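Worksheet: the structure to be examined is printed underneath.
Throughout, numbering of the chain's residues begins at 1 and tracks the sequence. Source: prediction; values computed, not measured. All values below were derived from every heavy atom in this structure, side-chain atoms included, with hydrogens, water molecules and symmetry-related copies excluded. Numbering of ligands and ligand atoms starts at 1, following listing order.
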Amino acid sequence: MLYFDHNATSPLHPAARQAWLDATERFIGNPSSLHRVGARADAALSEAREKLAHILGCDALDLVFTSGATESANTVFHHAARTLAPDAEVWLSAIEHPSVTEAARHHFPKRHRLIPVTRAGLVDLAWLRAQLRSRRGKEADRPHSKRPPPLLGGYPGLIAVMAVNNETGVIQPWREVLDLCRDHGIPFFCDAVQALGKLRAAGLGECDWVSGSAHKFGGPRGVGFLKCPAQGRVEPLLRGGSQEEGRRAGTENVPGVLAMVAALEAREQARSGARVASRIKFARQLLEALPGAEIVAAKSPRVWNTILALMPEADCRTRWVVKLDKLGVAVSSGSACASGKEEPSPVLTAMGYSPAQAARALRFSAGWETTEVDWQLLLDALVQAHSEMQPMRRSRRL
Ligand code: PLP
């Protein structure tokens, strides 16, 4: 099977598998136990924390291990709901993953605002800059006001913008948003799930909050992390234990964490140049082979592995996936969580695409081992699927 759905989940990296097996055999104790078997597991966990902190550029004590990015995002908004002023808002980009959007909606049903994105799939920095300036202006006009008053009504107490979008692969200007947040004294949360392993992670640790998920870069499923504000106190989402400095209760997944860090260390060594070239070649050939196809955000900076394409026909998204599956190719009809339901992708809608256009979207997401030959085979399968679907469409019209 040709696997082009790495943005949904990616197979285990050999280094992660080895680290997991070693850890399961060597670190059998519970890191919270006082005996030496427990202490050894605790030491291994601390070492992994140090390594991850080094990769991200933060303090090891800023890191909390979680079950994945969904838990991490939920922790951020849970914490925000319990610590921000009662009238503070949360602002998030209109293209965040549902784990961020839904958590924000749940905790801030009337106090969340979506930051628009451009047709190119990039968060609208000009909009954000103007909004923050006008709000600060209003406060600065107040007599005797101390600037900046970060937590007043209509003012964001938290801004969330992802590093890379999971559907389009567009690299978001998270650093510029971070700088804006710094200027205005607003905490910044960056969902870095689709960036980690594909782009260098250095600098992400400067964000107040960062989420990551091992299974997107060759680690095991069910393990991730949350980078928190400097060694800060976090209102725990999970209670019932003092693990992770009281920030996340539950026995730590030592083999999972060690395997996650091993995978990320390995991915950090990988170079992307040749991979970008394969993707560009595929995109060009796809447009030639299937007139009417369109590459979404073709001119925007994107990660090397992702292509979101609108296929030529309007009614065929799920049929394409099924047809390609029969031909031995796994692709996605959008984000992992959204596929299966026929609502238009909120990402494409936010970019200004119509529901009919969004219904034509197919996502191809390659992995680190994907070769140029694999891209060619994907193209061949698409051409074959298209030709086999043509007679079906004609007979349905009769
Ligand atoms: N954020 C993004 C951008 C994602 O793509 C995903 C998974 O698809 C998640 C968060 C959720 O990650 P997890 O599977 O670790 O809960």
Please confirm whether Ser213 comes within less than 3.5 Å of ligand 1 when only nitrogen or oxygen atoms on both sides are compared. yes
Looking only at distances, please establish whether an N/O atom of ligand 1 is found under 3.5 Å from an N/O atom of Ala69. yes
Proximal candidate to atom 10 (C) of ligand 1 [heavy atom criterion; set Ser67, Ser72, Ala195, Ser99]: Ser99
Which ligand 1 atoms does [X] reach within 4.0 Å, using its non-hydrogen atoms?
X: His215; result: 13 (P), 14 (O), 15 (O)
X: Met162; result: 3 (C)
X: Gln194; result: 3 (C), 4 (C), 5 (O)
X: Gly68; result: 15 (O)

Please state which part of Asn166 comes within less than 4.0 Å of ligand 1, counting heavy atoms only: side chain, backbone, both or neither. side chain
Between the side chains of Asp380 and Gln376, does any donor sit under 3.5 Å from an acceptor? yes
Hey, are Thr306 and Asn7 close enough side-chain-wise for a donor-acceptor pair under 3.5 Å? yes
Aromatic Trp304 / basic Arg279 pairing, under 6.0 angstrom, 45° off normal: no
Quick check on side chain to side chain contact (heavy atoms under 4.5 Å, CB included): which of Asp208, Leu128, Leu178, Leu92 does Ile159 satisfy it with? Leu128
Close approach of [X] to ligand 1, heavy atoms, under 4.0 angstrom:
X: Lys216; value: yes
X: Glu71; value: no
X: Gly224; value: no

Could you check, using the six-membered ring where one of them is a Trp, whether His79 and Trp209 have ring centers closer than 6.0 angstrom? yes
Taking the ring of Trp375 and the ring of Phe4, is the distance between their centroids below 6.0 Å? yes
Transitive ILVMFWY side-chain link Trp174 to Ile55, under 4.5 Å: yes
Any side-chain heavy-atom pair of Leu310 and Tyr353 under 4.5 Å: yes
